[in-house]
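Accompanying notes for the structure given below.
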Amino acid sequence: MASDLLFSTRELLIGVATSSAQIEGGDRNNNWYDWAQMPGTIADGSSPVRATDHWNRWREDTALMAELGLQTYRMSVEWSRIEPRPGEIDRGALERYRDEVAAVREAGLVPLVTLHHFSHPSWFAGLGGWTAAVAPERFLALVEVVVEALGEYVTDWVTINEPNVYATQAYLFGEGPPGTRDWGAVRATLRHMTIAHIRAYRLIHRLQPDAKVGFAHHARVFAPLVERNPAHRVFSAVDRALFQDLLADAMLAGRWTPLLGRRPDDIAPGRYYDYLGLNYYSRSAVSGLSDGTFPGAPVNDLGWEVYPAGLVEVARDLHRRHPAPIWVTENGTADAADAFRSRFVFDHLQAIAASELPFERYYHWCFVDNWEWNDGEDPRFGIVALDYETQERTVRDSGRFLAHVIADGGVTQGTYDTFVAGQDYPSDPR
Ligand code: FCB
């Protein structure tokens, strides 16, 4: 071990995370494409049809990951490509994904594949999407096809990405397709996603006894905006329970809550996870049911608070209730100037290294700048910069920083001085 390590990351596999709709481009058969066609939905009027053209440039992207020495890659498969019409499987699309995961392995990276990351076929949306009672069954059929096709190269799976964000965006805040506001639909979605996750967990283990299966839980810190204000304290606790804790207990442990309706007969309390998948970005300052930030807090380009200690806070809490190795399935920041991303990575990795918790993996969100849902092409989350016009990729300093950390097994003083020392977060102007 280099003697001048400020801290070691040797216990971690480090890589990047992406999702199909945000990078692939070209697909016009999914709910987010349809949503983006509606005027006023996407901040800059863009759509996922351009994105990073990864569908065609995956070889180049895989080579670049290998060049940076990344150890693992989290990606998702696009359901609408694999099953363009109900029951009709596109073998060519499956082959394309097979080639990619084979190449990822060949390049020395461990693939982690997400089976649902916000996007699905327009026909599935037409059935009512995840609010429909048939949703788990339709999803399970996809899972079986994908695991059979990719299982030679992939043993690590994320069933569903951020059920809580998906359900509230789609059916509470009107910020994602179909953009309605209907509490019953939120509950139905979470119910069906929980059932789907638990059944997928069992199905994948039947097909692949050694598989590692979990879901990517969006967890954040909820803190009262004013500590002395009893309403703020109550809302913090309620938000946290409603948005993340009750769902985690149901999905991970089959501990049912009346919010999800009647418990199906085949679902009993148990253990439906092999790792804890955690997507962590920020902290909310709570004064009611919606989000806020603390005045003057360090923030990213989208105004999200940068709060590295929170990663360990949420992980500790989840791990206490559901002990397992922790995989940070996403963590990253919008920083177009790459002015503080290296510090962001440094601070979060340092928090991990200093904790007593069994962190095993860290996936930085994201690799190449990608299509950020309603925020369009504007936010820059990548360790690799993208010129959308030419599709040219340019590794940012933060990408070089991450490469050094992996190569050295931690952060050396020299690497810190070169990449991190001069950086600071902007603060919230309010
Ligand atoms: C997460 C999503 C991911 C990306 C990041 C910034 O909530 O899972 O697709 O949009 O936020």
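For the numbers below, each heavy atom of this structure counts, side chains included, while hydrogens, waters and symmetry mates do not. Residue numbers start at 1 and run along the sequence shown. Whatever order the structure lists ligands and atoms in, that order sets their numbers, starting from 1.
Looking at Arg316 and Glu356, a side-chain N of the basic residue comes within less than 4.0 Å of a carboxylate O on the acidic one, giving a salt bridge. A salt bridge between Arg50 and Glu389 is present, with a side-chain N of the basic residue lying under 4.0 Å from a carboxylate O of the acidic one.
Less than 6.0 angstrom separates the ring centroid of Tyr97 from the ring centroid of Trp55. Between Tyr363 and Trp327, the distance separating the two ring centers is not shorter than 6.0 angstrom.
Applying the 4.0 Å criterion to heavy atoms of Glu162 picks out, from ligand 1, the atoms 1 (C), 2 (C), 7 (O), 8 (O). Atoms of ligand 1 found under 4.0 Å from any heavy atom of Phe381, numbered from 1 in the order shown, are 6 (C).
Applying the salt bridge (charged side-chain N to carboxylate O under 4.0 Å, His left out) test between Arg393 and each of Asp53, Asp387, Asp369, Asp61 identifies Asp61 as the sole match.
Counting protein heavy atoms only, atom 1 (C) of ligand 1 is closest to Glu330 OE1, 3.2 Å. Scanning the protein for heavy atoms near atom 10 (O) of ligand 1, the closest one is Glu372 OE2, 2.7 Å. Of all protein heavy atoms, the one lying nearest to atom 5 (C) of ligand 1 is Tyr281 OH, 3.2 Å.
Because its NZ or CZ atom is not both nearer than 6.0 Å to the ring centre of Phe243 and within 45° of the ring axis, Arg240 does not count as a cation-pi partner of that residue.
Considering backbone and side-chain N/O atoms, Asn161 comes within less than 3.5 Å of an N/O atom of ligand 1. The shortest N or O to N or O distance between Trp365 and ligand 1 is not under 3.5 Å. Here's the thing with His117: one of its N/O atoms is less than 3.5 angstrom from an N/O atom of ligand 1.
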